[in-house]
Structure formats: structure tokens, C-alpha cells
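So the structure is just underneath, and the comments pick up after that.
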There are 2 protein chains.
Amino acid sequence: MAEALTAEHILSTTEDVLRRYGPAKATVVDVARALGVSHGSVYRHFPTKAALREAVTERWLDQAHAGLADIAEATTPAPDRLRDWLRALFDSKRRKALGDPELFATFDVLAKENSDVIAEHIADLVGQLAKIVADGVKSKHFKTKDVQRTALAVFSATDRFHNPAHAREWTEPDVEDAFDAVCDLVIRGLAAR
Amino acid sequence: MAEALTAEHILSTTEDVLRRYGPAKATVVDVARALGVSHGSVYRHFPTKAALREAVTERWLDQAHAGLADIAEATTPAPDRLRDWLRALFDSKRRKALGDPELFATFDVLAKENSDVIAEHIADLVGQLAKIVADGVKSKHFKTKDVQRTALAVFSATDRFHNPAHAREWTEPDVEDAFDAVCDLVIRGLAAR
DNA sequence: GGACTGACAGATGTTGAAATCTGTCAGCTG
DNA sequence: CAGCTGACAGATTTCAACATCTGTCAGTCC
């Protein structure tokens, strides 16, 4: 009303609407109603509903994983840093899955649609892994011929602990054990002998 | 008609019906019709539709993975044997996903339902992994404190390449690379130094 | 009397008409 | 004239009547 209608304003309202109705029920009309404008105005800022969902998810992912980049950039020994980073990723994902289920469900929808936002998100995470692996090689903690390929392998091997498709398993009591066991295996697999 | 109605006969007809209609559409009435009996007769041999589906899937899984146990029992060096076994599992799963999609979909349904059949199937596979890991420890190729935990870690780390939830990824060109990279990482992680 | 049928109740699925939604755009409004 | 509205076409979703399915069981038929 008094405020100008900004993309930012639309995004945070959409987040609220998604949280209330979930990705299956939330409509652009709902968002417009919550903003007190016509839905045509929303289309002035976002070309499609999909673009809107993606923008919300992108923001949400950035916020959720803000701390990860710091861990990746730290100067701690690479093996410890890798374990901390994988742990932080797992904890962050699980916290979101349990504490913010509707937005997590939105994220899950995008993941199953091969959205660009998810591809970028994954590329970002694998890039951070590559940084840690490269540091480990430099410090002689790790040994590998192809850093990028190895970073991808680490990401694949820990898929169960960050891919939203597996979220239902994250409440089982054995996951913690499984996570630690996979971490041990992966870190040993990287180690220089 | 001339034949007596046996559980075996019902199972193979159900397999045909599932292949034709898929798990979502196939009904007990369809199976009975294909057998030329009333659906009440089917319930004489299987208590519920779910039990029937599970029995079919169990047979199908046994047949699909018949060769795996032989590999696990072989006397080749444990690292090679592990790689062969993981490769055989991946190939077998992928072949089924592409060549027998409706029964694979049935398997996928059971997997998402936490069915006992799937739990046993997994326990069987992890048992075979444990055999290979234990042999590797005996022959000094591998080193681990807890064989069972390690076998589970190997199974988790390669989840992307056998869990039906990931079947859509198995046709992407990069999977082969990813599979090899994860195998390398896992086998290095097991190796004694 | 053991194997099978078919009618049945309640649950689940299908269908098509009505309601709502997405995305566009000509026109209003300040 | 930049920002917004609201009517619109076509796509999608909802809803309720209807059909089919699951699982049971009294009764039929060798």
C-alpha cells in the first residue's frame, strides 16, 4: 500500500505463503492477495510462477548454507575441515527438513525438476569441496590426480546425507552412525599414504 | 483350467500383469482374469495384494541378482572383487530399470514403503559386502576395525548407483565417471597402507 | 470336504463438469 | 508514462457422483 512493491517484498511474502500452504497449494493469486495487489503485478517482477519459486528457493538455500563457505575457506587441516564441512552440510539440511518442512518440500520439488538453481547450488557446494581437497593435496594430507573428479566423488558418496530425496531417512537413529562411517571411509580414501 | 492353481502359477501371471499394466494399474481382479479364476481364489494363496506384490518382487530380485553372490564368494583379490561386485550390482540394477521398467517400478514402490522384502534384500547385499571386506582384511588388502559398519558405509557411499530412487540419473552420460570415481575413493578408503 | 465362486461392505479410483489458476495485455490512474 | 488493474483464454485443479477394487465369507461343486 504505502510501500512500493519490490521484488524483495514479493519474495519474502512468497516465502510466507509457501510456508503456510506448501508448494503444492500455494498459488500466485495467494501471494498477490497476501501483498494486497493483483496477481498481474507479481508477473511484472517475475516472468513465471516457476521463476518465483526458484528465486525464493535460491534465497533460502543461500541463507541456509551461509556458514559452509566459511568452513571451506578456513585454515584448519584439510581432513578435519572436510569432516566439519560435511557435518555442517548434513546438519543444515536436516535442520531445514525438520524445522522448515514446506520450504524444504519446495526445494525438493525443484531438485526433482533439474532446475538451474539446484544445479548452481550443487556446483557451488562441489566447488567448496574442491577447495578443501585442493588444500589437502597442497598440505600433503590428501593425494589425488584430479581434484574436481574427486570432489564430485565425495559429493556422490555422501549423497544420502544431503540429497532431499533421502530426507525421510534422516530421522532414523542409525543415520548418525552411517554418516560417521561414510565420512571415515571417504577421508581415508583421500589420505596420502 | 486343466492345471491346478498354484502359488507359483499365480506369481508368474502376476509378473505378466504387472509388466503389462504397471504397479499403479494392475489389480488382483486383473490377475484372476488372466488366470481364468475368480479373485477370491487368488486370496486363497496370498493374504493381501501387498503380499502378492512382495512375493513377485522377491522372486524378481533373486533372479536379477543371482550372479552377485558368486562374485562375493570368489577367490580373486578383495579390491578387484569389490569393484567387480559393485559394478555388477550397478549394471544389474540399471539393466532392470531400463529393460523391465514396470517391475522395476514395483520394486521402487516397495522400496519407498520400507517393505520387509527390501530390508532383507539390502541385508543380503550388505552381507555379501561384509564377506568381501572380511576377506580383504584377512588378506591384508584392507584394514578396518568393524567389518559390518564398513560394509554398510560402502553400501551407503554407493547408494546413488543402486537405490531405485536414483534410477533417473543412471542414463546421464556422466554416471559412469561418477561411479568409477566413487569406487576408486571407496576402495582406497578400505586399503591397508 | 477342499477348492473355488460370487455377492457384499467399505475403501479407493475414475470421470467430467465447474471452479480456479497461470500468464497476457489493453486500458486505467496518479 | 510507470506501475498497476482486472478481464480474458487456455491449462490445471477440485469435487462429487459413479465405478471399480480389496478383502471376506457363506454357499456351490466336484
Side-chain angles (χ1 to χ4, degrees), chain A residues 1-58 102-103 105-106 108-110 112-113 115-117, chain B residues 1-58 102-103 105-106 108-110 112-113 115-117:
Chain A
M1 306 255 151
E3 302 286 308
L5 183 61
T6 64
E8 194 57 32
H9 195 183
I10 294 175
L11 282 181
S12 66
T13 302
T14 305
E15 213 174 290
D16 292 344
V17 170
L18 279 169
R19 252 193 272 271
R20 185 186 315 273
Y21 299 110
K25 296 279 184 187
T27 72
V28 176
V29 173
D30 291 331
V31 173
R33 189 167 24 239
L35 284 162
V37 300
S38 80
H39 75 281
S41 299
V42 175
Y43 280 98
R44 165 161 293 286
H45 292 86
F46 296 92
T48 64
K49 182 184 180 179
L52 181 55
R53 274 192 323 192
E54 286 179 20
V56 168
T57 305
E58 188 168 22
E102 299 297 6
L103 279 191
T106 308
D108 190 31
V109 168
L110 292 197
K112 281 176 177 124
E113 277 171 2
S115 139
D116 284 356
V117 169
Chain B
M1 304 252 157
E3 303 287 308
L5 184 62
T6 64
E8 193 56 31
H9 194 185
I10 294 174
L11 282 181
S12 66
T13 301
T14 305
E15 213 175 290
D16 293 343
V17 170
L18 278 170
R19 252 191 272 271
R20 187 186 314 271
Y21 300 109
K25 294 281 184 186
T27 73
V28 177
V29 173
D30 291 331
V31 173
R33 192 168 19 242
L35 284 162
V37 299
S38 79
H39 76 282
S41 299
V42 174
Y43 280 97
R44 166 161 293 285
H45 293 86
F46 295 92
T48 64
K49 182 184 182 178
L52 181 56
R53 275 192 323 194
E54 286 179 20
V56 168
T57 306
E58 190 169 20
E102 298 297 6
L103 279 190
T106 308
D108 189 31
V109 167
L110 292 197
K112 279 174 179 128
E113 276 171 2
S115 140
D116 283 356
V117 168

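Since the structure is predicted, the reported quantities are computational estimates derived from the model, not experimental observations. Throughout, a chain's letter reflects where its sequence line sits, starting with A, and its residues are numbered from 1.
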Is the closest side-chain heavy-atom distance between B:Leu5 and B:Arg44 below 4.5 Å?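 A side-chain contact under 4.5 Å is absent here.
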Evaluate the side-chain proximity of A:Val56 to A:Glu15: yes if any heavy-atom separation is below 4.5 Å, no if none is.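 Side-chain contact under 4.5 Å: yes.
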Could you tell me which residues satisfy side-chain hydrogen bond (donor to acceptor under 3.5 Å, both in side chains) with A:Thr27, sequence neighbours excluded, listed by chain and number?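 With neighbours one apart ignored, the set is A:Asp30.
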Most 5' of A:Tyr43 and B:Gly40 on DNA chain C, judged by nearest nucleotide: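 Residue closer to the 5' terminus by nearest nucleotide: B:Gly40.
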Return the value, rounded to whole Å, for the distance between atom [atom1] of [X] and atom [atom2] of [N].
X       : N      : atom1 : atom2 : value
A:Ile10 : D:dG3  : CD1   : C1'   : 12 Å
B:Leu5  : C:dC4  : CG    : P     : 5 Å
B:Arg33 : D:dT20 : CZ    : C1'   : 10 Å
B:Phe46 : D:dT22 : CZ    : C1'   : 16 Å
A:Arg44 : D:dG3  : CZ    : P     : 7 Å
B:Leu35 : C:dA3  : CG    : P     : 16 Å
B:Lys49 : D:dC21 : NZ    : C1'   : 8 Å

Would the number of heavy atoms belonging to other residues, nucleotides or ligands and lying under 6.0 Å from CZ of B:Arg19 be above 12?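 Yes, CZ of B:Arg19 has more than 12 neighbouring heavy atoms, counting only those of other groups under 6.0 Å.
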Can you measure from CD (B:Glu58) to CG (B:Leu11) and round to the nearest 0.5 angstrom?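 B:Glu58 atom CD to B:Leu11 atom CG measures 9.5 Å (nearest 0.5 Å).
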Gap between atom OG1 of B:Thr6 and atom NE2 of B:His45 - 0.5 Å precision: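 That separation rounds to 6.5 Å.
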Hey, is the side chain of A:Ser41 poking within less than 4.0 Å of OP1 or OP2 on D:dT5, counting only N and O atoms?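 Result: yes.
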Counting side-chain heavy atoms from C-beta on, which of C:dT22, D:dT22, C:dC4 comes nearest to B:His45?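 Among the listed nucleotides, the one closest to the side chain of B:His45 is C:dC4.
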Output the residues of residues 16-31 of chain A in contact with DNA chain D, where contact means a heavy atom of the residue under 4.0 Å from an atom of the strand; sort by number or write none.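 By residue number: A:Lys25.
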Would you say the base of C:dG6 and the side-chain of B:His39 have a donor-acceptor pair closer than 3.5 Å?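 Answer is no: no donor-acceptor pair is held.
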Using 4.0 Å as the upper bound for N to carboxylate O, is an ion pair formed by A:Asp108 and A:Lys112?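 Judged by the 4.0 Å cut-off on N to carboxylate O distance, A:Lys112 and A:Asp108 do form a salt bridge.
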